[in-house]
Amino acid sequence: MSMFKRMSQVFQQKANSVLDKVEDPNQALDLSYQQMLEQLQKVKRGIAEVLTSQKRLEAQRDNLKAQQARLQDQARQALQQNREDLARTALTRAQSLDAQIQALEPQIAQLQAQEQALAENGQKLAAKVEQFRSQRDVLKAQYTAAKASTVAAEGISGIGEQMADISLMMDRARDKVSNMQARAAAVGELAD
């Protein structure tokens with residue numbers, strides 16, 4: 001293994017170790033959840049934009065149909081007045097509007113299909129987000145419980161060490177008291 005490769009691996013190990021100490025799983029889970037919510041919002045905005053375009057084209061189609069109906073009425077009125085030239089002109093314009101209407105229909109259908117596909121994807125993503133939220137809550141609770149358990153175990157361990165120290169101090173104090181009592185008794189006997 002080359003020296004550079006080995007140094008790179010050591011650096012990665014140290015960096016991972018530092019990141020593991022600094023990283024809070026609760027914050028990482030919250031960040032991931034927030035990013036998923038943002039993606040869901042983007043999908044919803046996309047659906048709204050497609051739906052807006054679809055409604056715009058439908059309104060344009062309906063407007064063209066209304067113009068076509070007016071031209072057909074004008075053609076009928078022109079025929080009633082024996083004005084075939086005006087009727088022909090109105091019908092020609094109505095036919096050109098029909099071509100425009102027919103051109104809009106596939107575009108509207110395509111937007112409807114696109115909106116439906118986006119809505120299905122949005123529902124799937126919403127289900128995944130909800131599932132992740134549940135898992136996130138469980139993981140956060142487990143992490144908090146494990147952290148509390150670790151702190152408690154460390155506290156108990158610390159108490160065990162302190163109890164050993166206290167026990168040693170008590171033994172030394174007993175020894176000193178015993179020595180002092182023995183000395184006092186010896187001094188008392190000498191005095192007698």
Side-chain angles (χ1 to χ4, degrees), residues 4-76 89-155:
F4 180 72
K5 195 172 194 179
R6 178 72 181 132
M7 286 177 57
S8 173
Q9 287 178 344
V10 169
F11 178 74
Q12 286 176 342
Q13 290 170 352
K14 296 295 181 185
N16 284 337
S17 175
V18 169
L19 287 177
D20 284 344
K21 291 177 185 175
V22 174
E23 182 181 38
D24 181 9
N26 287 335
Q27 290 176 346
L29 289 169
D30 288 340
L31 177 63
S32 297
Y33 181 65
Q34 188 63 36
Q35 289 171 340
M36 290 180 83
L37 287 176
E38 289 171 5
Q39 290 299 321
L40 185 59
Q41 284 302 107
K42 286 179 183 178
V43 169
K44 287 180 180 180
R45 278 193 297 271
I47 292 170
E49 289 172 7
V50 169
L51 198 56
T52 301
S53 296
Q54 175 188 337
K55 294 300 180 188
R56 195 175 309 127
L57 288 180
E58 287 174 351
Q60 186 178 355
R61 177 197 60 196
D62 294 344
N63 187 24
L64 290 174
K65 282 184 178 183
Q67 287 179 9
Q68 187 180 37
R70 279 195 303 271
L71 287 171
Q72 288 172 347
D73 282 344
Q74 287 176 1
R76 273 191 281 277
T89 303
L91 287 176
T92 303
R93 289 177 54 199
Q95 283 179 338
S96 71
L97 291 178
D98 190 49
Q100 290 177 16
I101 292 169
Q102 296 305 318
L104 287 176
E105 291 296 339
Q107 293 176 9
I108 292 170
Q110 180 184 13
L111 287 174
Q112 285 173 338
Q114 192 175 11
E115 185 265 334
Q116 205 168 26
L118 282 172
E120 289 173 10
N121 288 339
Q123 290 172 349
K124 289 176 186 175
L125 182 59
K128 286 181 181 179
V129 168
E130 184 59 30
Q131 181 182 10
F132 181 81
R133 186 193 61 75
S134 296
Q135 289 175 347
R136 176 198 68 162
D137 292 344
V138 168
L139 287 172
K140 284 175 76 171
Q142 288 174 341
Y143 177 74
T144 302
K147 190 174 180 181
S149 178
T150 301
V151 168
E154 288 173 349

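Side chains included, hydrogens not; waters and symmetry mates left out as well; all remaining heavy atoms used. Note that the numbering runs from 1 along the sequence shown for the chain.
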Inter-residue atom distance K55.NZ - E115.CD, 0.5 Å rounding: 8.5 Å
Nearest heavy atoms of L29 and F132, plus distance in Å: O-CE2, 3.7 Å
Whether over 12 other heavy atoms sit under 6.0 Å from Q135 CD: yes
Separation of S134 OG from L139 CG (nearest 0.5 Å): 11.0 Å
E38 vs Q41, side chain to side chain contact (heavy atoms under 4.5 Å, CB included): CA-CA, chis, key distance, verdict: CA-CA 5 Å; E38 289 171 5; Q41 284 302 107; 5.5 Å; no
Polar side-chain atom of Q68 near backbone of A94 as donor-acceptor pair, under 3.5 Å: yes
From L118 atom CG to E49 atom CD, the distance as rounded to the nearest 0.5 Å: 10.0 Å
Interatomic distance, L104 atom CG to Q60 atom CD [nearest 0.5 angstrom]: 5.0 Å
Note, V129 side chain near L37 side chain (heavy atom, < 4.5 Å): yes
Whether over 12 other heavy atoms sit under 6.0 Å from R93 CZ: no
Interatomic spacing from CG in N121 to CG in L40 - rounded to 0.5 Å: 11.5 Å
Distance-minimising heavy-atom pair for V43 and G122: CG1-CA, 3.7 Å
Shortest non-hydrogen contact between V50 and L111, atoms and distance: CG1-O, 3.4 Å
Check: E58/Q54 side-chain N/O donor and acceptor closer than 3.5 Å: yes
Reported CG-to-CG distance for the pair L64 and L71, which is rounded to 0.5 angstrom: 10.5 Å
Criterion side chain to side chain contact (heavy atoms under 4.5 Å, CB included) on K65 and L97, from CA distance to verdict: CA-CA 8 Å; K65 282 184 178 183; L97 291 178; over 6 Å; no
Q27 and L31, any side-chain heavy atoms less than 4.5 Å apart: no
D73 bridged to R76 by N-O distance under 4.0 Å: yes
A145 backbone acceptor or donor facing S149 side chain under 3.5 Å: no
